[in-house]
Structures are given as C-alpha cells and as structure tokens.
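Below is one structure, written out as structure tokens, with a few remarks after it.
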Amino acid sequence: MKPDNIIDIHGLRTQFGRTVVHDNLELQVRRGEILSIVGGSGTGKTVLMRQMLGLEIPKRGEINVFNENIHAPKAGHLNYLRKRSGMLFQHGALYSALSVFENVAQPLREFGKFSEELITDIVYLKLQMVDIAFEHARKMPSDLSGGMIKRIALARALALDPQLLFLDEPTAGLDPDRSDSFVQLILSLHRQLGLTVVMVTHDLDSLFALSSRIAVLAEKRVIVIGTPQEVVAFHHPFINSFFLGGRGVRAMEVMAPPGH
C-alpha cells in the first residue's frame, strides 16, 4: 500500500448466491482527496462502501484501510477503524428516540471514554461546525427539516474527528438551494479538517462540484478512475448516457474547479 493511499483494494469479488456484483475489482483512495463512486443500478456502489467500512465481507480479495487488512482476523481492529472514520447515511439515519444532542453524542459514548462535560463541549462544537444553532440540541428528529437532519447526521459523523469520511448520496432529498449549501459545507470541512472523503452520488451537480476524482463502476469492476474531465473523455455507454446527457452537459458548463 502506497503511503499516500488511505484505502487500497485488490482482487475484490462480491457475490450473492450466483450473482457476481464485483469481480477482480481494483481501487485506491488517496489521502486528502474526495473520491466519488458512480455506476448504474446493480453495480454495487453502496455495497462497496459498506465493505470499506467493514460492514460486509467480500467473497474474495483484500481491502486495506490505514494500512490494515480490515477483513483479516484481528480483535478490535474494526472498532479502531470506526473511530477513525465517519459515515453519513443517505437519509441521515438519526435515532428517532434520541434528541439532536444525544444523536451527536452517541459515537462519543460508544467508542470514547469522555466525561459528560467534555461530551457536551464536543457536541456543541460539532453542531457549530455544521451551522446548527445550539437551541436545536434538545429537539427530536421528527421536529427537524430534511436539511437540518443532514447537517446533524454530518455532525455525528464528525464527532470522533475522523480522518476518513463516507458520504452516501449526501444531497438526496434536498431542494437545489439546500443542496448547494450542503455541498459548500462539505467542501469547507474537507479543506479545514484535511479529510479524505469517499462519496456515492447520482447528483451530477454535487459530483462535479466536489470530486477530486471519480471512479466508474461497470462490468463488475472500476472501468475508469480520474478527474471529472478524464472520466467524461472515456468512451463507454454508461459514461455517455450518465455524463453526456442534458443534465450532465449543464452540470459541466457550470462546474468550477473544486480547489483541492
């Protein structure tokens, strides 16, 4: 594993019964980048992300994260990985029975040994980082807008100061203004915190605004990985339909350099 790679995947095979989703898949995620994973339905984008988190085990192959094979038998290693990584689920996945405060505090209580006073300080700091006012801390998820749920879920993902952040469809369900605002928040946190980000998204505007590189899943593997410009120039039916349709062309026309 190269020193500048946070994640290194070799010879990955994912299989459910007789259905092969990935076969001999290779992928590297570089330190400090925002890598986006795209692909058609059934190409196993979210499954691949879950395997990187150690939540699912591939049929064959090796996934190294922070220079460790996360699927090798090693007591406590997955907990160590999860302390260094955060996950933003597609719909936030806040615990409905817990307040905003308790949702953000949950990973601190599960993985850390912090005093209640320190937990309070960390929770309010993380809420401030995602532009959530302190008066919302005692609210329940049912009282929140979709945009607030996303931000609070992001605060929870950042609670343990991770080096690696996973985003599953981060702008899904948001209107254009809230989506643009959330993209800018992710960019700002990426720069400020030096995060490495792995993102799955169908949203072309977010894809072009955020991605350092894009990995395209097709034919059970990564068929191309590179900058947005390099990927769009690669000739393949999926890329032609996904990137070069009307929405893709419009998104590319307004694309600004992400600055990372």
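- At least one donor-acceptor pair closer than 3.5 Å links the side chain of Thr196 to the backbone N or O of Gly32.
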| request: Please test Phe66 against Ile7 for side-chain contact (heavy atoms from CB on, under 4.5 Å), starting from the C-alpha separation and ending with a verdict. | output: CA-CA 7 Å; Phe66 300 118; Ile7 300 174; over 6 Å; no

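- Inter-residue side-chain proximity for Met49 and Met87 is flagged as met; some heavy-atom pair is nearer than 4.5 Å.
- Using modelled atom types, no side-chain atom of Ser188 and backbone atom of Gln184 make a donor-acceptor pair closer than 3.5 Å.
- A salt bridge does not link Glu26 with Arg221: none of the charged nitrogens is closer than 4.0 Å to a carboxylate oxygen.
- Looking at Thr14 and Gln51, their side chains do bring a donor and an acceptor atom within 3.5 Å of each other.
- When atom types are taken as modelled, the side chain of Glu68 and the backbone of Val65 share no donor-acceptor pair closer than 3.5 angstrom.
- In the hydrophobic cluster analysis, where Ile, Leu, Val, Met, Phe, Trp and Tyr join through side-chain heavy atoms closer than 4.5 angstrom, Val123 is grouped together with Leu125.
- Residues Ser179 and Asp203 share a closest heavy-atom pair of OG-OD2, 3.8 Å.
- At a threshold of 4.0 Å, the pair Asp161-Lys126 counts as salt-bridged, since one of the basic side-chain nitrogens sits closer than that to a carboxylate oxygen.
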| said: Under the criterion side-chain contact (heavy atoms from CB on, under 4.5 Å), I'd like the reasoning laid out for Leu154 against Ile152: C-alpha separation, chi angles, the key distance, then a yes or no. | reply: CA-CA 5 Å; Leu154 182 57; Ile152 291 157; over 6 Å; no

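- Under 4.0 Å is where a charged nitrogen must lie from a carboxylate oxygen, and between Asp23 and Arg13 at least one such pair does.
- Distance check: Leu185 CG to His190 NE2 gives 13.0 Å after rounding to the nearest 0.5 Å.
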(message) Apply side-chain hydrogen bond (donor to acceptor under 3.5 Å, both in side chains) to residues Asn5 and Arg30 and explain how you reach the verdict.
(response) CA-CA 4 Å; Asn5 288 343; Arg30 298 171 181 166; 5.2 Å; no

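- Both Met199 and Leu187 belong to a single network of hydrophobic side chains, linked directly or stepwise wherever heavy atoms of I, L, V, M, F, W or Y lie under 4.5 Å apart.
- Atom-to-atom distance recorded for Leu12:CG and Leu27:CG is 9.5 Å, nearest 0.5 angstrom.
- When all heavy atoms are compared, the tightest approach of Gly40 to Phe238 is N-CE1, 3.5 Å.
- Closest approach of Met129 to Leu189, counting heavy atoms only: CE-CD2, 3.9 Å.
- Residues Val130 and Arg151 share a closest heavy-atom pair of O-NH1, 3.0 Å.
- For the pair Arg138 and Phe101, the cation-pi criterion (under 6.0 Å, within 45° of the ring axis) is fulfilled.
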* Asked: Would Ile34 and Leu195 satisfy side-chain contact (heavy atoms from CB on, under 4.5 Å), going step by step from the backbone distance to the final call?
  -> CA-CA 8 Å; Ile34 298 179; Leu195 295 167; over 6 Å; no

*Test Gln106 against Glu110 for side-chain hydrogen bond (donor to acceptor under 3.5 Å, both in side chains), laying out the working first.*
CA-CA 6 Å; Gln106 184 270 332; Glu110 181 176 358; 2.5 Å; yes

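- Between the side chain of Ser115 and the backbone N or O of Leu118, at least one donor-acceptor pair lies under 3.5 Å.
- In this structure, Leu94 and Pro141 approach most closely via the heavy-atom pair CB-CG, 4.1 Å.
- A donor-acceptor contact shorter than 3.5 Å is absent between the side chain of His136 and the backbone of Leu144.
- Counting heavy atoms from C-beta outward, Leu217 and Lys45 have side chains that approach closer than 4.5 Å.
- A donor-acceptor distance shorter than 3.5 angstrom exists from the side chain of Gln15 to the backbone of Gly17, with no hydrogens or angles considered.
- The backbone N or O of Gly173 sits nowhere less than 3.5 Å from a side-chain atom of Lys150 that would complete a donor-acceptor pair.
- Remark: Leu35 CG to Leu167 CG distance equals 11.0 Å, nearest 0.5 Å.
- Taken together through direct or relayed side-chain contacts under 4.5 Å among Ile, Leu, Val, Met, Phe, Trp and Tyr, Val222 and Val47 form parts of separate hydrophobic clusters.
- Ile132 and Leu98 end up in different hydrophobic clusters when Ile, Leu, Val, Met, Phe, Trp and Tyr side chains are linked at under 4.5 Å.
- Separation of atoms CD1 (Ile37) and CZ (Phe166) is listed at 8.5 Å; rounding is to 0.5 Å.
- Here the side chains of Phe89 and Glu169 are not in contact, with every heavy-atom distance at 4.5 Å or above.
- The main-chain N or O of Met148 is found under 3.5 Å from a side-chain atom of Ser145 such that the two form a donor-acceptor pair.
- For the pair Arg109 and Phe114, the cation does not sit on the ring face, since its NZ or CZ is not both under 6.0 Å from the ring centre and inside 45° of the axis.
- Heavy atoms of other residues, nucleotides or ligands lying less than 6.0 angstrom from CG of Leu55 number more than 12.
- To the nearest 0.5 Å, atom CZ of residue Phe182 and atom OG of residue Ser206 are 9.5 Å apart.
- Distance CG/Asn103 to CG/Leu127: 10.5 Å, rounded to 0.5 Å.
- Here the side chains of Val200 and Ser36 are not in contact, with every heavy-atom distance at 4.5 Å or above.
- Contact record, Gln28 with Ile225: O-CD1, 4.1 Å, taken as the closest heavy-atom pair.
- Two different hydrophobic clusters hold Val38 and Val21 under the rule that ILVMFWY side chains link at heavy-atom gaps under 4.5 Å.
- Around atom CD of Glu117, no more than 12 heavy atoms belonging to other residues, nucleotides or ligands sit under 6.0 Å away.
- Remark: side-chain polar atoms of Asp175 are paired, donor with acceptor, to backbone N or O of Arg178 under 3.5 angstrom.
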